[in-house]
Protein chains: 2
Amino acid sequence: MSKTQPQKRANLRDVASAAGVSVATVSRVMNAPDTVAEKTRKRVEDAMNSLRWVPSAAARAINTGRTRFVGALVPTLDNAIFARFLSKLENQLNTHRLSLVVATTDGSPDVETEKAKTLIDIGAEGLIVSGITHDQALYDLLERSQRPAIATSYYDPGFALPTIGYDNAAAAALALEHLTSLGHRQVAVVHGPRTNNDRTRARLDGLTGTGAVLQLFETEISLAGGCTAARAILQEPQHPTAILCLSDVLASGVLAELHRQDLIVPEDISVIGLDDLPGSAHIYPELTTVHLPVARMGLAAADAIAGWVETQTVPEPFLLEPSLVLRRSTARPS
Amino acid sequence: MSKTQPQKRANLRDVASAAGVSVATVSRVMNAPDTVAEKTRKRVEDAMNSLRWVPSAAARAINTGRTRFVGALVPTLDNAIFARFLSKLENQLNTHRLSLVVATTDGSPDVETEKAKTLIDIGAEGLIVSGITHDQALYDLLERSQRPAIATSYYDPGFALPTIGYDNAAAAALALEHLTSLGHRQVAVVHGPRTNNDRTRARLDGLTGTGAVLQLFETEISLAGGCTAARAILQEPQHPTAILCLSDVLASGVLAELHRQDLIVPEDISVIGLDDLPGSAHIYPELTTVHLPVARMGLAAADAIAGWVETQTVPEPFLLEPSLVLRRSTARPS
DNA sequence: TTGACACATGTAACCGGTTTCATCAACTTA
DNA sequence: TAAGTTGATGAAACCGGTTACATGTGTCAA
């Protein structure tokens, strides 16, 4: 009778015996084709095809010690800023023949540690995390598993992990300076939760000593959050002349709500963001904001982690410069 | 002299001999702790800790045949619709103790096949792809590697792969019907590239036989693309009374541009989208659109692929129903 | 003719876990 | 007390590749 049912997957030895060569030769056909005679190689390749052989990633990994993927932990995918970062990161990792596993933490250090554990458990060669606020357990985990890890979105040369990011305080200061230089003295600041978010805290810290009176409005980072904050701002007895949003997403929400309340930007009130999302140049009115080079950050992070896992080169901290992008949502107070 | 330098990583046998037990026992401590005597377990755990042992994912994978991650191929991360989908997908996969590797294809079947190859090469247990337009090479690859794969964002029970998605034509028809029921007879349709995009094509196909005159405007799917299209529409000798955007991102861009041109929505012109992004309820004016249940799609896709890789259950095609979401950007033509 | 050498290939150890099966002591049960 | 169970553990095979080292053949210079 014919053995049609079982269909166990072919392995290297099956291919080798089908081609009438040794396993070493088959392995060579994969990894160093030019050390194998043309004729032999052809024969082996035919055997691979007819046996529909597919190499086992695990078997390769156990020998080479490489799994060829790294993990990234981001708070969320729902903010375009992280999506853009990951997009670039993935692309650049590919140039190093590395793939990307993503995990979202929802901004919780606990979840982050948990997911980091999982990523390492499935074999991630290195990790990319956001910001500098983490569980001690995460550091322990990295230490123990000896995995390279870099922190992004935050620049701090003294941090335990190499950081690749920008000076969040300076970025926020840039936005505020722009407003004060226009003459605004009363500005509302809309920001996301401070809890576990060092970037938000750093941005708030950058907002000092400029002579403008600041009112803080904390909300969730989403369009809806921006709307809510705008409504709160408009209920204040004295309207500010400008609204500084510590994230473009918030600014978009604020803009929508102001529009809804029939306020004209920037004539009635100025709005400035921070992030410079790809869409921010195309909303109405075009949003003045501070550009954070997240695309370059993605490139840099990919190169850094790749260099680390391939050649054990611990990367230097890397500072990316934010820059003011003047568009149409800010003007002198009237 | 002390052997301080080498620091070779400990393996199971090291742990075993340090604890004075066999490798089998150490393995049991990991995988079936309650079959090991309390005292022994403790001793083994101590050994693990003092040797700072971390299990090798590859070694486990080679035995169990499981890598515990699946891959997802999406066109881009820059459209929130995919970001949302992936976000839910990742979360739900986690409940099955599965991780997610993401790869972007930029809408190119070639790139898709290439990346699929990489994902399988690093050990992805299954794949999730977008839409039903793919290279033959991708099917060959799936066939040969025997990897489960499901297609999303598109429902087609007759497709080679199980599909989990919606009827794109019906979704677009829903939008158009809404407009015609309001009395619109002249509508501009803004859509993304048809090339390699079956979803766009299907949506366009859904726009038939309703008595309204349609003008098509193709552009790239981005806020900027929406702006461009809106400008083109306004240059037409006869303005349509409504604009149907086959994606919310396009609708947002259109809205911004209309605003810029001092047209009031919906008084001067109606705008309807398709997707229902989380932000669409919070832009100005609140966007009427067709809701696509991508979050549920993420859940369903996760469960489907998980079931397939765990219990070899080939999932049934799954249809998700789009629904009209009435908000404020549409009205009767004036 | 012979020794050196490059090239093609094979043998077998090895990577770090899991798992089957055997072993043995302690505990029941009749 | 003998036989049958149960529970804890170990020995060794095994998973599917890579690779160090050995072997054998053909070419070429001396």
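Chain letters run A, B, ... following the sequence lines, proteins first, then strands; residues in each count from 1. Keep in mind that what you see is a predicted model, and the values were worked out from it rather than measured. When reading the values below, keep in mind they use all heavy atoms of this one structure, side chains included, and skip hydrogens, waters and symmetry mates.
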Which pairs pass salt bridge (Lys or Arg N to Asp or Glu O under 4.0 Å) with one or both residues in [range], sequence neighbours excluded?
{"range": "residues 86-95 of chain A", "result": "A:Glu90-B:Lys115"}
{"range": "residues 11-40 of chain A", "result": "A:Glu38-A:Arg41"}
{"range": "residues 124-134 of chain A", "result": "A:Arg66-A:Glu125"}

Just to verify, what does [X] make a side chain to side chain donor-acceptor pair (under 3.5 Å) with, not counting sequence neighbours?
{"X": "A:Asp110", "value": "none"}
{"X": "B:Glu114", "value": "none"}
{"X": "A:Asp135", "value": "A:Thr113"}

Exercise for review: Check whether any side-chain N or O of A:Asp121 sits under 3.5 Å from a backbone N or O of A:Lys117 as a donor-acceptor pair, and report yes or no.
Suggested key: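 Checked: no pair found.
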
**Study point:** Helical bend (five base pairs per end, nearest 10°) for the helix from C:dT1-D:dA30 to C:dA30-D:dT1
**Key:**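 End axes: 40° apart.
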
**Study point:** Residue pairs passing the ring pair (Phe, Tyr, Trp, His ring centres under 6.0 Å) test where at least one lies in residues 24-71 of chain B, sequence neighbours excluded
**Key:**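 Of all non-adjacent pairs touching residues 24-71 of chain B, those that pass ring pair (Phe, Tyr, Trp, His ring centres under 6.0 Å) are A:Phe69-B:Phe69.
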
Exercise for review: State which residues pass side-chain contact (heavy atoms from CB on, under 4.5 Å) with A:Arg144; sequence neighbours excluded, sorted by chain then number.
Suggested key: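 Partners of A:Arg144 under the side-chain contact (heavy atoms from CB on, under 4.5 Å) test: B:Met48, B:Asn49, B:Arg52, B:Val54.
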
Side-chain donor/acceptor pairs under 3.5 Å, residues 150-158 of chain A, sequence neighbours excluded:
unit_1   : atom_1 : unit_2   : atom_2 : d
A:Thr152 : OG1    : A:Val129 : O      : 3.0
A:Asp156 : OD1    : A:Gly158 : N      : 2.9

Point to revise | Touch class at under 4.0 angstrom, heavy-atom based, for B:Val21 against every strand present | key: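 The residue B:Val21 makes sugar-phosphate contact but no base contact.
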
**Study point:** Residues within residues 34-41 of chain B bordering DNA chain C, heavy-atom distance below 4.0 Å
**Key:**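 Those residues whose heavy atoms fall under 4.0 Å from DNA chain C, taken from residues 34-41 of chain B, amount to none.
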
Pairwise N/O distances under 3.5 Å, protein to nucleotides 11-17 of chain D:
unit_1 : atom_1 : unit_2  : atom_2 : d
D:dC15 : O2     : B:Asn63 : OD1    : 2.9
D:dG16 : OP2    : A:Asn11 : ND2    : 3.4
D:dG16 : N7     : A:Arg13 : NH2    : 3.4
D:dG16 : N2     : A:Asn63 : ND2    : 3.4
D:dG17 : OP1    : A:Trp53 : NE1    : 2.9
D:dG17 : OP2    : A:Leu12 : N      : 2.6
D:dG17 : N7     : A:Arg13 : NH2    : 2.6
D:dG17 : O6     : A:Arg13 : NH2    : 2.5
D:dG17 : N2     : A:Asn63 : OD1    : 2.6
D:dG17 : N2     : A:Asn63 : ND2    : 3.4
D:dG17 : N3     : A:Asn63 : ND2    : 3.0

